[in-house]
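The structure appears right after this line, and notes come after that.
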2 protein chains.
Amino acid sequence: MGTTQLETVPEPKYWHLKTVLSEALDSEFSVGEILPNERDLAARFGVARATLRQALEQLELEGRLQRRRGVGTTVAPPRMGVAVGTEQHSWPGTAGDAWQPADCTAAVPPAGIAGLLGTDTDTQVHTVRRSRVNDGQPVAAELLYVPETSVPGLTAPDAPSGAARARAVLRELQRLELEGQDRAVELGSARVEDARELDRLPGAPVLVVTTRFFAGGRTAAVSVATYRADTCRLTFGDPDGVVIHHGAGAPSLDTSPEPVT
Amino acid sequence: MGTTQLETVPEPKYWHLKTVLSEALDSEFSVGEILPNERDLAARFGVARATLRQALEQLELEGRLQRRRGVGTTVAPPRMGVAVGTEQHSWPGTAGDAWQPADCTAAVPPAGIAGLLGTDTDTQVHTVRRSRVNDGQPVAAELLYVPETSVPGLTAPDAPSGAARARAVLRELQRLELEGQDRAVELGSARVEDARELDRLPGAPVLVVTTRFFAGGRTAAVSVATYRADTCRLTFGDPDGVVIHHGAGAPSLDTSPEPVT
DNA sequence: AAGTGGTCTAGACCACATG
DNA sequence: ATGTGGTCTAGACCACTTA
């Protein structure tokens, strides 16, 4: 065998493809530009469409591309920084906290949430749906679970339904003294309802931020916020932009205007 | 048409499969148990292997499964909570901060990092590699970028190479007064080197935590830490466990012992 | 109606871990 | 040597958007 064969471990095609495309995106395309369709791209690189799609999926996961069925694949803008830590030590619903209450129902929370709240697994709690919009684009959907004992002013099922009731629950929360809170971030996939609200397909990758609010010596409320992982970079502390980290190890500066309040 | 046709939008097969498997995992399997192989599973459900794999991929993304080439697919334990916010306002390298210095070289950082540090795009900086292990399992790999001006005690290229030099850089950092820091979390995919260290395949989903350290009125160091997204839940604030959020919307309590620190 | 990305199939071969 | 998951192919059809 006279061939050189330097590659002891040949790189998978889709990985190499991803690298090539990534460099092309940096040099030959600008934000918002549409790429050739998948069939053409696959033919151009001499691979099957499934292989090309594997590369595109990774690039989308890293926030480099945006794909929309029936439309095409476009070059995504840099991820926007969304402040998560600045409202520290304040209740949800405080004036100008970037969230917009959408709805409120009484429902039995998932078992895990009930455990955090210390309620029975068959006890209904106020369930407030809120959504967060940045730059005119939906970036997060939230479910806020508030036991009825946390907002005694509303125990009777008299409250109006929908957005009005949501605002009422948030208003009652403000009356409590917030003693502390607690956050966790993990990767998840969008449930059907969240996906619709985030303008993504079900199963799309999301960053799930779970926050516990403490008052009166116990957990007074739990928030589960799902952020679009492709377009969002969660910032804690100073709301200044930080860095964009491309998976390939070539971060670039984020110069977006950071329009968060 | 006399058929019922209630499903206006038929659910994709892989999505339904994922739901079925998820319920099976909750009821019929225990942590660590190995599943039947992909070919058998696909046959059992009457789908192509690629379709089954699409469902398994999602479940792995959500931390429910662990797949290892040549071995098989096993039921993953609940995600472990790794504290990210507790060492707030302390330099990296402080005693018992869960990180283990591995190496240090002088290298030109990626353009984005250079921008954050305010160095020229062709200036070398100390680049410290550290790794973090929880429960005997690698959970994160970090690159810490320290401009030579931040640690003037080491400007000469006399320092020993490798781990010793890494410790020296960290030690010098402690001498500065930390004025603040700044964090951002985003989704990324593991670079080849990180993947090897995290015992994952390249491209595996990771949570990238970028931290800026401020001292002397400027950015004195930048840390880019990549955490395994499948096994880790990043906790901020109190190091107590929070919640596990299964993508399907059925969170369950995390009862793991939280061995942080 | 045409064009896009999303889903699905039925194969094949490869890299890796284990016995 | 065997069995596992990982990669890849060449097609097909579907759901969605836009014109």
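Keep in mind the model is a prediction, meaning the values are calculated, not measured.
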Assess the side chains of A/E62 and B/S189: does a donor N or O sit below 3.5 Å from an acceptor N or O?
yes
Can you tell me if B/Q66 and B/T74 form a side-chain donor-acceptor pair at under 3.5 Å?
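Short answer, no.
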[atom1] of [X] versus [atom2] of [N]: gap in Å, rounded?
X      : N      : atom1 : atom2 : result
A/L56  : D/dC8  : CG    : P     : 14 Å
A/F45  : D/dC8  : CZ    : C1'   : 17 Å
A/H16  : D/dC8  : NE2   : P     : 12 Å
B/R67  : C/dA17 : CZ    : C1'   : 17 Å
A/I34  : D/dT18 : CD1   : P     : 12 Å
B/L41  : D/dG3  : CG    : P     : 17 Å
B/E57  : C/dG6  : CD    : P     : 15 Å
A/D230 : C/dG5  : CG    : P     : 16 Å

Go through the steps for A/V209 and A/R183 under the test side-chain contact (heavy atoms from CB on, under 4.5 Å), then give the verdict.
CA-CA 7 Å; A/V209 181; A/R183 275 206 189 80; 3.8 Å; yes
By salt bridge (charged side-chain N to carboxylate O under 4.0 Å, His left out), which residues pair with A/E197, not counting sequence neighbours?
A/R129
Does the side chain of B/V75 come within less than 4.5 Å of B/L35's, by heavy atoms?
yes
Which atom pairs, one a donor and one an acceptor, fall under 3.5 Å between side chains of residues 48-55 of chain A and the rest of the protein, sequence neighbours left out?
residue	atom	partner	partner atom	Å
A/R49	NE	A/E38	OE1	3.0
A/R49	NH2	A/E38	OE1	3.1
A/R53	NH1	A/E38	OE1	3.2
A/R53	NH1	A/E38	OE2	3.1

Distance from A/L65 atom CG to A/E57 atom CD, nearest 0.5 Å?
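If I round to the nearest 0.5 Å, the distance is 11.5 Å.
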What's the spacing between B/R132 CZ and B/T226 OG1 if we round to 0.5 Å?
12.0 Å
End axis versus end axis in the helix from C/dA1-D/dT18 to C/dT18-D/dA1, the angle rounded to 10°, five pairs used at each terminus
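Nearest ten degrees gives 10° for this helix.
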Going by the angle between their ring planes, with limits at 30° and 60°, are A/Y227 and A/W99 parallel, tilted or perpendicular?
perpendicular
N/O donor-acceptor pair under 3.5 Å between A/E28 side chain and A/L25 backbone
no
Under 3.5 Å, side chain of A/S27 to main-chain N/O of A/E23, donor-acceptor pair present?
yes
Residues from residues 46-54 of chain B lying under 4.0 Å of DNA chain D - heavy atoms:
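Those residues whose heavy atoms fall under 4.0 Å from DNA chain D, taken from residues 46-54 of chain B in numerical order, are B/R49, B/R53.
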Flag the pair A/D230 and A/R200 as a salt bridge only when some basic side-chain nitrogen lies within less than 4.0 angstrom of an acidic carboxylate oxygen.
yes
Test: B/D26 and B/R64 ion pair at under 4.0 Å:
yes
Under 4.0 Å from any atom of DNA chain C, heavy atoms only: list the residues of residues 195-207 of chain A that qualify, in numerical order.
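Under 4.0 Å from DNA chain C: A/L201.
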With 3.5 Å as the limit, what N/O pairs link the protein to nucleotides 1-4 of chain C?
residue	atom	partner	partner atom	Å
C/dG3	N2	A/G70	O	3.3
C/dT4	OP1	A/N37	ND2	2.9
C/dT4	OP2	A/N37	ND2	3.1
C/dT4	O2	A/G70	N	3.1

